[in-house]
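Lettering follows sequence order; numbering is per chain, from 1.
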Protein chains: 2
Amino acid sequence: MQKTVQKRTLKTRARLIEAADDVIERHGYQALRVEDVVQAAGVAKGTFFAHFRDKDALMEYLIGERLVARFDQVEQGPIPRTAPEIANALQPIHSFMTSERYVFDLIIRYSGAAAITEIGPIARCFERYVRLVAGWLETAKVRKDISPDLLAEGVQAFAIQSMSLKFCALHEAESFSDRLEIYLDAWLTPAA
Amino acid sequence: MQKTVQKRTLKTRARLIEAADDVIERHGYQALRVEDVVQAAGVAKGTFFAHFRDKDALMEYLIGERLVARFDQVEQGPIPRTAPEIANALQPIHSFMTSERYVFDLIIRYSGAAAITEIGPIARCFERYVRLVAGWLETAKVRKDISPDLLAEGVQAFAIQSMSLKFCALHEAESFSDRLEIYLDAWLTPAA
DNA sequence: TTTTATTATTGACCGCGGTCATTTTTCAAC
DNA sequence: GTTGAAAAATGACCGCGGTCAATAATAAAA
């Protein structure tokens, strides 16, 4: 029943993550290959999979880590009170999410927790997104006929829509932030 | 410059598609392996890739085909006039999109046209979605302060959000259609 | 019918993610 | 120290998507 973790385990894991970070910094997430990571870390391939279920699990960890950092950053900032301010306040988060097509796809894929059993860091960030925005909306100058939670879920839906369109071959006319602002304005402060 | 297409080309392509359909019917999209398809079609592996850029291209074709059929079906029906009616009218489309996690992921991934150069059937369906809904909204009992096009884009955003949540480990309480109805009501007929 | 250029097919081969029986290392008990 | 059992690391191996130089089939020209 007991499962003592040896000291070298943490060291190996740290080396794998460091190696992966290095590869990504130089070539981006898309280009990461497990074989490169294990070679850079100086371990065998099998070792990698003793530490991460699969390649995606490593990616979820790495991307989740940076995503959390962006949330921390956004939570430090002032509380926005209008639709444009909200769009602007969320910008660091959206900017990272759309920094690479691969990143966006993975985030979307993991946004709803891959498996019932375990909820990963990315899915947790999506919960945090709604909580964060709902908190803002309680005191913001927005419609009050529906709950802040529902409003916040809508903000998330529009943000994802805007981000999707950013990678779209069609619809390249408007910029991402312009589009999001239009959506949020219509959603948060309807005129009729 | 001319590029005459031989007769057997069409035959081979048809055999590949038939074989793929067969595999999918028995085991679902997720389980499709190119090796199985070529074996069932009685051709070499290389032949497959002379007909489809990659596995995803076949999937996009097959899924796009069925998606188009659902759109045709929905366009035959009566024109909905309220938020719940709109949610209900779109149900055949949403139902297919969420029939399998693999299908949903692929549709989302191809919704924004994979490459600038070619816009595939799935991306075209997303355009059609907006056109279809915008057409309905022109005569529907909904807010008139923003354009039907913008409203329709919002409907799409909320539909995707609802579908995502369907595959989500968290948020399993509400059903897909209940959630979509709540969103659309708040989006299309705001009270304040 | 033979020739010839073009188009389609083939299958050995590669890359890379992932597995697992085997070996090596760790660390506590003596 | 020595020993022994659990934990960690290893690397040969597999599955499957995808490539490409070589080959075969086609259809039009001679």
Aromatic ring pairing A/F158/B/F158, orientation class (parallel under 30°, perpendicular over 60°, tilted between): perpendicular

Calculate the interatomic distance between [X] atom [atom1] and [N] atom [atom2]; express it in whole Å.
{"X": "B/F49", "N": "C/dT7", "atom1": "CZ", "atom2": "P", "result": "22 Å"}
{"X": "B/F48", "N": "D/dG17", "atom1": "CZ", "atom2": "P", "result": "9 Å"}
{"X": "B/D56", "N": "D/dG18", "atom1": "CG", "atom2": "P", "result": "7 Å"}

Atom CD of B/E18: over 12 foreign heavy atoms under 6.0 Å: no

Those residues of residues 13-47 of chain B lying under 4.0 Å from DNA chain C by at least one heavy atom: B/V43, B/A44, B/G46, B/T47

Per-nucleotide protein contact string for nucleotides 23-30 of chain D, where B marks a base within reach and S marks sugar-phosphate only (heavy atoms under 4.0 Å, - for neither): --SSS---

Presence of B/T12 side-chain N/O under 4.0 Å of C/dT9 phosphate oxygens OP1/OP2: yes

Side-chain N or O of A/H51 closer than 4.0 Å to phosphate OP1/OP2 of D/dA9: yes

Flag side-chain contact, heavy atom, 4.5 Å: A/Y61 against A/I17: yes

Quick check: does any side chain N or O of [X] sit under 3.5 Å from a backbone N or O of [Y], one acting as donor and the other as acceptor?
{"X": "A/E181", "Y": "A/A87", "answer": "no"}
{"X": "B/E60", "Y": "B/Y110", "answer": "no"}
{"X": "B/K55", "Y": "B/L32", "answer": "yes"}

Partner residues of A/Y129 under the ring pair (Phe, Tyr, Trp, His ring centres under 6.0 Å) criterion, sequence neighbours left out: A/H94

Exercise: identify the closest heavy-atom pair between B/R66 and B/F96: CB-CZ, 3.7 Å

